[in-house]
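What follows is a set of notes on a single structure, which appears directly below.
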Amino acid sequence: MSQVVEQIHELFEAACKELFEGMNCQVSRVDAPYDEYELEDAPAAFIDAGSDDLELNIGILMPLSLLAMTYPVQDNITQVDDATLEDWISELANRLIGLIKAHLLHRECRVMIGLPNFFHGADVDYASLGNGEFYSLYFDVDNIVCECSISVEIFNDQMLLAEPQATESASDEDDGIEFF
């Protein structure tokens, strides 16, 4: 595995933790899901980002209970319908790829972000993650396990990531919003 792919895997793990910690959740990485069947029918969202040098595809599988728990409006959470939670997991995938983009930007690597796709249960297809180096992590988020995956495909064998700049806050630059 190339050095760049390894670096992106490290950035991905850090971004996953940032995502959940940013929602005031207790998060820790676990080796495998406590119960594979809990994720079998879980909703999933996939999103990509890329440049001339690389292609990233990420996926998030989260049980409905975790989606409901992390949903930003907690008033009458039992009344939130499945369509709203489907939008929420797509938003979480979008936030995760945004965190990765910010980390890469601080290493002088610019990527353009695509749009998220939602899948549910049996419709989840890891082929959506492309042909790159596949890497999957499991996280215990407030005692509920979810899965985050990334596929990294490098097109430029000479590609290197620069050393990170002194500060690595997404607010340091105006890279958070893209206008099309």
Side-chain angles (χ1 to χ4, degrees), residues 1-33 44-62 66-67 69-70 72 88-117 126 128-142 144-180:
M1 180 177 351
S2 79
Q3 177 184 358
V4 172
V5 172
E6 287 180 32
Q7 289 174 310
I8 291 172
H9 286 177
E10 289 172 12
L11 296 176
F12 176 68
E13 183 173 352
C16 290
K17 288 179 180 175
E18 284 177 60
L19 175 71
F20 297 119
E21 288 170 352
M23 295 183 290
N24 297 317
C25 295
Q26 295 293 319
V27 61
S28 61
R29 186 169 163 201
V30 293
D31 291 332
F46 296 92
I47 191 167
D48 67 335
S51 69
D52 291 340
D53 295 325
L54 77 153
E55 177 76 18
L56 307 174
N57 290 281
I58 67 154
I60 300 177
L61 277 82
M62 294 179 83
L66 183 55
L67 285 172
M69 185 180 67
T70 59
W88 178 234
I89 195 169
S90 295
E91 173 60 23
L92 291 174
N94 194 43
R95 288 181 183 192
L96 180 57
I97 201 77
L99 289 167
I100 295 166
K101 177 182 177 179
H103 282 293
L104 289 172
L105 188 60
H106 288 282
R107 287 163 177 77
E108 299 178 13
C109 178
R110 294 186 179 278
V111 294
M112 297 293 293
I113 297 175
L115 297 172
N117 293 304
Y126 283 102
S128 303
L129 290 176
N131 299 321
E133 296 277 340
F134 183 77
Y135 184 59
S136 191
L137 300 172
Y138 297 95
F139 293 94
D140 180 318
V141 181
D142 289 340
I144 302 172
V145 176
C146 69
E147 179 180 0
C148 299
S149 302
I150 188 169
S151 171
V152 181
E153 190 170 5
I154 305 292
F155 304 123
N156 176 357
D157 293 336
Q158 307 305 311
M159 180 185 173
L160 296 174
L161 294 179
E163 289 297 316
Q165 297 175 5
T167 61
E168 232 193 86
S169 169
S171 62
D172 287 345
E173 298 182 31
D174 61 345
D175 63 335
I177 299 176
E178 288 184 16
F179 295 98
F180 299 95

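If you're wondering where the values come from, they're calculated on a predicted model, not measured in any experiment.
When only modelled atom types and interatomic distance are considered, E147 and S136 share a side-chain donor-acceptor pair under 3.5 Å. Judged by distance alone, the side chains of E18 and H103 do bring a donor and an acceptor atom under 3.5 Å apart.
By the 4.5 Å heavy-atom criterion applied to side chains, L137 and V30 are not counted as neighbours. Residues F155 and S51 fail the side-chain proximity criterion, which asks for heavy atoms closer than 4.5 Å. With a 4.5 Å cut-off on side-chain heavy atoms, R110 and L105 count as touching. For the pair I154 and V5, the minimum side-chain heavy-atom distance is below 4.5 Å. Residues I100 and I58 meet the side-chain proximity criterion, which asks for heavy atoms closer than 4.5 Å. Contact of the K17 side chain with the F12 side chain is not registered, since no non-hydrogen atoms from C-beta on lie closer than 4.5 Å.
The structure places CG of L56 at 12.5 Å from CD of E133, a figure rounded to the nearest 0.5 Å. Rounded to the nearest 0.5 angstrom, L104 CG and L11 CG are separated by 6.0 Å. Distance check, rounded to the nearest 0.5 Å: CZ of F139 to CG of L19 gives 9.5 Å. How far SG of C25 is from CG of D142: 4.5 Å, rounded to the nearest 0.5 Å. Note that CG of L99 and CD1 of I97 are 9.5 Å apart. Values are rounded to the nearest 0.5 Å. Between atom OG of residue S2 and atom CD1 of residue I8 there is a gap of 7.5 Å, rounded to the nearest 0.5 Å.
Within the 3.5 Å criterion, the main-chain N or O of G132 finds a donor-acceptor partner in the side chain of S151. With N57 contributing its side chain and D48 its backbone, the two residues share no donor-acceptor pair below 3.5 Å.
The shortest non-hydrogen separation linking A49 to V111 is CB-CG2, 4.0 Å. Residues W88 and T70 share a closest heavy-atom pair of NE1-OG1, 3.0 Å. The two residues L96 and C16 have their closest heavy-atom pair at CD1-N, 3.6 Å. Closest of all the heavy-atom pairs between M159 and V4 is O-CG2, 3.2 Å.
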Original post:
Is there a side chain to side chain contact (heavy atoms under 4.5 Å, CB included) between N156 and D52 once you walk through the steps?
Top reply: CA-CA 8 Å; N156 176 357; D52 291 340; over 6 Å; no
Original post:
Would I113 and K101 count as a side chain to side chain contact (heavy atoms under 4.5 Å, CB included) if you check the C-alpha gap in whole Å, the side-chain angles of each, and the deciding distance to 0.1 Å?
Top reply: CA-CA 8 Å; I113 297 175; K101 177 182 177 179; 3.6 Å; yes
**OP:** Check step by step if side chain to side chain contact (heavy atoms under 4.5 Å, CB included) holds for L92 and L67.
**Re:** CA-CA 9 Å; L92 291 174; L67 285 172; 4.0 Å; yes
**OP:** Any chance you could lay out the side chain to side chain contact (heavy atoms under 4.5 Å, CB included) test for L54 and E153, step after step, and finish with the verdict?
**Re:** CA-CA 6 Å; L54 77 153; E153 190 170 5; over 6 Å; no
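Here E13 pairs with R29 in a salt bridge; the nearest charged N to carboxylate O distance falls below 4.0 Å.
Among residues two or more places apart in sequence or in another chain, the side chain to side chain contact (heavy atoms under 4.5 Å, CB included) test is passed with A45 by I89, S90, A93.
Here the options are Y138, F134, F46, the test is side-chain contact (heavy atoms from CB on, under 4.5 Å), and the partner is S149; only F134 passes.
Surrounding CD of E91 are more than 12 heavy atoms belonging to other residues, nucleotides or ligands, all under 6.0 Å away.
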